[in-house]
Number of protein chains: 2
Amino acid sequence: MDSLLEILSVDTEAVTKTIKKKEILQKQGIVSKNAFYVKKGLIRSYSIDEKGKEHIFMFGSEGWIIADLESNVFNRPTELYIDCIEDGEIVSFSLEYFNSENLSIEKLRKNSKLLTRRIGSLQRRVIQLMSSSAKERYKIFIETYPHIPKRIPQKMIASYLGITPEALSKIRGQL
Amino acid sequence: MDSLLEILSVDTEAVTKTIKKKEILQKQGIVSKNAFYVKKGLIRSYSIDEKGKEHIFMFGSEGWIIADLESNVFNRPTELYIDCIEDGEIVSFSLEYFNSENLSIEKLRKNSKLLTRRIGSLQRRVIQLMSSSAKERYKIFIETYPHIPKRIPQKMIASYLGITPEALSKIRGQL
DNA sequence: TTTATTTCTTAATCTAGATTAATAGTATGG
DNA sequence: CCATACTATTAATCTAGATTAAGAAATAAA
């Protein structure tokens with residue numbers, strides 16, 4: 001993913017920031033234009049429903065970008081919180097940057113590839129949520145992101161999978 | 001979405017094709033580089049799981065593009081079938097086109113916006129699948145795509161929502 | 001180290017939605 | 001037009017995963 005760093009390197013306004021575990025980078029309900037590039041550490045984006053339950057949308061470890069594109073694109077208040085799971089460093093920058101005049105054609109092209117890649121992953125996630133059992137989704141998760149489970153509490157895996165911690169505990173007992 | 005047509009207009013190899021209801025445009029299991037732009041009619045993409053159950057990933061009506069980006073980006077065999085729900089016309093073209101040398105910087109920029117938009121919609125879909133009941137998802141669907149329900153059988157709505165036709169029938173009875 | 005807080009597990013009960021099955025309504029093609 | 005195949009509805013039963021509750025482990029804080 002160094003193509004991403006290249007893209008960012010042109011951004012004069014982007015600043016590296018030290019982050020602490022549990023620090024909140026973005027709250028639900030605002031209209032956000034910000035994206036967070038993770039240099040070091042681990043962050044997550046999640047929504048909280050009417051019943052107060054957390055649903056993790058995605059994790060971002062080293063080299064990843066987290067942003068609430070839905071809020072940005074449709075100009076709606078964010079559905080997502082973004083906060084830090086580990087101490088680390090992030091680069092925070094404006095999403096508008098991706099379409100700015102400054103970007104060369106090669107950078108735009110690389111950026112398109114990254115976007116397409118993310119669509120591919122989301123396609124997979126949607127199909128999985130519709131067609132696989134919780135146990136299957138768990139197995140796929142630990143295969144797809146083998147480095148993540150060690151760094152987060154069980155209950156966050158459950159939240160990402162769309163099940164309760166109790167259900168995950170039962171599944172793990174079965175394996 | 002005329003920006004999309006603009007992008008396509010440069011593609012000399014793209015050809016408009018007449019399609020018939022039930023015609024299959026793409027089968028599961030191949031590595032696909034194709035995208036389908038809908039000029040007229042209605043198509044859908046869907047996967048079939050081990051139990052033989054269909055799961056509709058998305059519908060494409062006039063002006064939309066349907067493609068299996070996961071297959072394309074990660075070079076995996078497709079998980080998706082694509083077929084026609086109504087007679088109509090499509091333009092079939094290669095996905096490589098989106099990153100080709102022919103594209104001007106403005107076209108690339110417009111293309112990025114379209115990709116970002118799709119990520120936004122998918123984000124919404126994932127969060128919904130994790131946090132909303134079937135009844136809520138049904139209500140949101142008919143609000144978000146009011147023109148689609150009239151054109152498709154009930155069981156396809158159920159398939160898109162991730163529930164059985166029987167469950168949808170019960171929900172509709174309650175409203 | 002001791003205490004407080006958060007996380008994980010186990011078990012009993014409950015429920016949304018799945019499955020199965022039977023019936024009736026609706027298209028569709030010959 | 002009829003016959004065959006889809007499509008929708010209703011009802012009985014079943015099950016994956018939710019909810020509730022309580023105790024054990026692990027972390028963090030003091």
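For clarity, every value in this text was computed on a predicted model and none was experimentally measured. Just so we're on the same page: letters track the sequence lines, and every chain starts at 1.
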Using ring centroids (six-membered ring only for Trp), state whether [Y] and [X] fall under 6.0 Å.
{"X": "B:Tyr81", "Y": "B:Tyr46", "result": "yes"}
{"X": "B:Tyr37", "Y": "B:Phe93", "result": "no"}
{"X": "B:Tyr160", "Y": "B:Phe141", "result": "yes"}

Can you tell me if NZ on B:Lys40 sees more than 12 non-hydrogen neighbours from other groups inside 6.0 Å?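 Counting other residues, nucleotides and ligands, NZ of B:Lys40 stays at 12 neighbours or fewer.
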Within this structure, what is the CD-to-C1' distance between A:Glu54 and C:dT6, rounded to whole angstrom?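 Rounded to the whole Å, the gap is 13 Å.
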For the pair made of NZ in A:Lys21 and P in C:dT5, what is the distance, rounded to whole Å?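 To the nearest whole Å, that distance equals 17 Å.
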For A:Lys39 and A:Thr16, run side chain to side chain donor-acceptor pair (under 3.5 Å): C-alpha distance rounded to whole Å, both residues' side-chain angles, the deciding distance at 0.1 Å, then the answer. CA-CA 8 Å; A:Lys39 271 185 149 173; A:Thr16 297; 2.9 Å; yes
Tabulated below should be each protein N or O lying under 3.5 Å from an N or O of nucleotides 3-7 of chain D; please produce it.
residue, atom, partner, partner atom, Å
D:dT7, OP2, B:Lys155, NZ, 2.7

What verdict does the side-chain contact (heavy atoms from CB on, under 4.5 Å) test give for A:Arg125 and A:Met130, after you've listed the backbone C-alpha separation in whole Å, the side-chain angles of each residue and the deciding distance to 0.1 Å? CA-CA 9 Å; A:Arg125 183 111 180 264; A:Met130 291 199 297; over 6 Å; no
Could you give me the CA-CA distance, side-chain angles and deciding distance for A:Asp83 and A:Gln26, then say whether side chain to side chain donor-acceptor pair (under 3.5 Å) is met? CA-CA 7 Å; A:Asp83 71 11; A:Gln26 176 181 290; over 6 Å; no
Considering only nitrogen or oxygen atoms on both sides, find all protein atoms under 3.5 Å from nucleotides 17-21 of chain D and state each distance.
residue, atom, partner, partner atom, Å
D:dG17, OP1, A:Ala134, N, 2.8
D:dA18, OP2, A:Thr164, N, 3.1
D:dA18, OP2, A:Thr164, OG1, 3.0

Would you call A:Lys155-A:Glu54 a salt bridge at under 4.0 Å N-O?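 Not counted as a salt bridge, because no side-chain N and carboxylate O are separated by less than 4.0 Å.
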Considering the terminal five base pairs at each end of the helix from C:dT9-D:dA22 to C:dG30-D:dC1, what angle separates the two local helix axes, rounded to 10°?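 End-to-end axis angle: 40°.
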